[in-house]
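Report on the structure given below.
Quick caveat, the model's predicted, so the values are computed rather than measured. For ligands, and for the atoms within them, numbers begin at 1 and follow the listed sequence. For reference, positions follow the sequence shown, starting with 1.
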Amino acid sequence: MKNTTILAIIGIVILVAGAFIYFSSNNAQANVDVNDNSNIDVSNADAQKVTLGIKNYNYYPNTITVKVDKPVEITLDSSVVGCYRSFVVPEFKVNGYSANPSQKITFTPPKTGTFRFQCSMGMGRGTLIVEN
Ligand SMILES: [Cu+2]
């Protein structure tokens with residue numbers, strides 16, 4: 001074979017190998033993304049952060065005040081157990097569940113006023129004040 005032919009073959013082999021490495025590393029990245037759900041509950045830096053615990057069988061603090069039209073991020077601390085780990089704001093159709101404190105419940109209050117928040121069964125209740 002001529003030298004130019006050998007060089008062309010070497011070039012093609014390098015291109016194919018490069019493409020293979022490129023695509024297989026992309027696939028590896030894609031697989032990591034698919035299996036990694038941790039980003040779902042990543043804390044939103046701009047959110048209004050509220051941490052709720054339980055005192056006397058109810059949410060504490062019992063009244064929370066937030067700004068309208070801005071995301072709210074609820075953390076239920078480790079004192080919150082059972083169905084208190086659900087967080088419901090009926091008026092805004094918020095119906096969240098947090099299995100542990102790292103799972104945040106987020107919603108954006110669409111209007112101002114005074115509303116009820118509660119656990120899914122309504123044993124725990126509190127007041128959500130939404131201000132301008
Ligand atoms: Cu309950």
Side-chain angles (χ1 to χ4, degrees):
M1 281 191 283
K2 287 180 181 173
N3 277 346
T4 48
T5 310
I6 292 169
L7 282 175
I9 290 170
I10 290 170
I12 288 165
V13 166
I14 288 170
L15 279 177
V16 169
F20 179 77
I21 290 165
Y22 178 78
F23 284 114
S24 53
S25 66
N26 260 11
N27 277 342
Q29 189 58 47
N31 285 337
V32 166
D33 287 346
V34 164
N35 293 325
D36 180 8
N37 292 322
S38 60
N39 60 341
I40 289 171
D41 294 306
V42 159
S43 195
N44 178 349
D46 297 327
Q48 313 177 74
K49 294 180 168 52
V50 176
T51 299
L52 294 175
I54 292 288
K55 254 185 198 175
N56 298 322
Y57 307 102
N58 207 350
Y59 292 109
Y60 181 87
N62 201 248
T63 297
I64 58 184
T65 303
V66 296
K67 298 278 186 211
V68 70
D69 290 331
K70 292 211 159 77
V72 175
E73 182 187 283
I74 304 286
T75 301
L76 301 175
D77 79 13
S78 56
S79 72
V80 181
V81 296
C83 79
Y84 289 87
R85 293 212 65 86
S86 59
F87 180 89
V88 176
V89 185
E91 180 73 20
F92 300 155
K93 300 205 168 17
V94 173
N95 193 345
Y97 180 79
S98 156
N100 60 66
S102 68
Q103 287 186 356
K104 315 300 183 186
I105 295 162
T106 58
F107 66 98
T108 301
K111 61 181 178 187
T112 59
T114 300
F115 308 99
R116 185 177 79 247
F117 72 84
Q118 60 174 73
C119 70
S120 57
M121 301 183 82
M123 304 116 68
R125 285 164 171 260
T127 301
L128 171 70
I129 298 173
V130 182
E131 295 179 335
N132 266 310

* To do: List the steps and the verdict of side-chain contact (heavy atoms from CB on, under 4.5 Å) for Thr127 and Phe115.
  => CA-CA 6 Å; Thr127 301; Phe115 308 99; over 6 Å; no
* Structure fact -> When rounded to the nearest 0.5 Å, the distance separating OG1 of Thr75 from CG of Asn100 is 10.5 Å
* To do: Write down the atom of Leu76, the atom of Ser98, and the distance for their closest heavy-atom approach.
  => CD1-CB, 4.1 Å
* Distance filter under 2.8 Å, centred on the Cu ion (ligand 1) - protein N, O or S atoms that pass it -> Cys83 SG, Cys119 SG, Met123 SD
* **Met121 atom CE: more than 12 heavy-atom contacts under 6.0 Å** => no
* Structure fact -> Minimal heavy-atom distance between Ser78 and Pro101, with the atoms involved, is N-CG, 3.8 Å
* Asked: How are the rings of Phe107 and Phe92 set relative to one another: parallel (under 30°), tilted (30 to 60°) or perpendicular (over 60°)?
  -> tilted
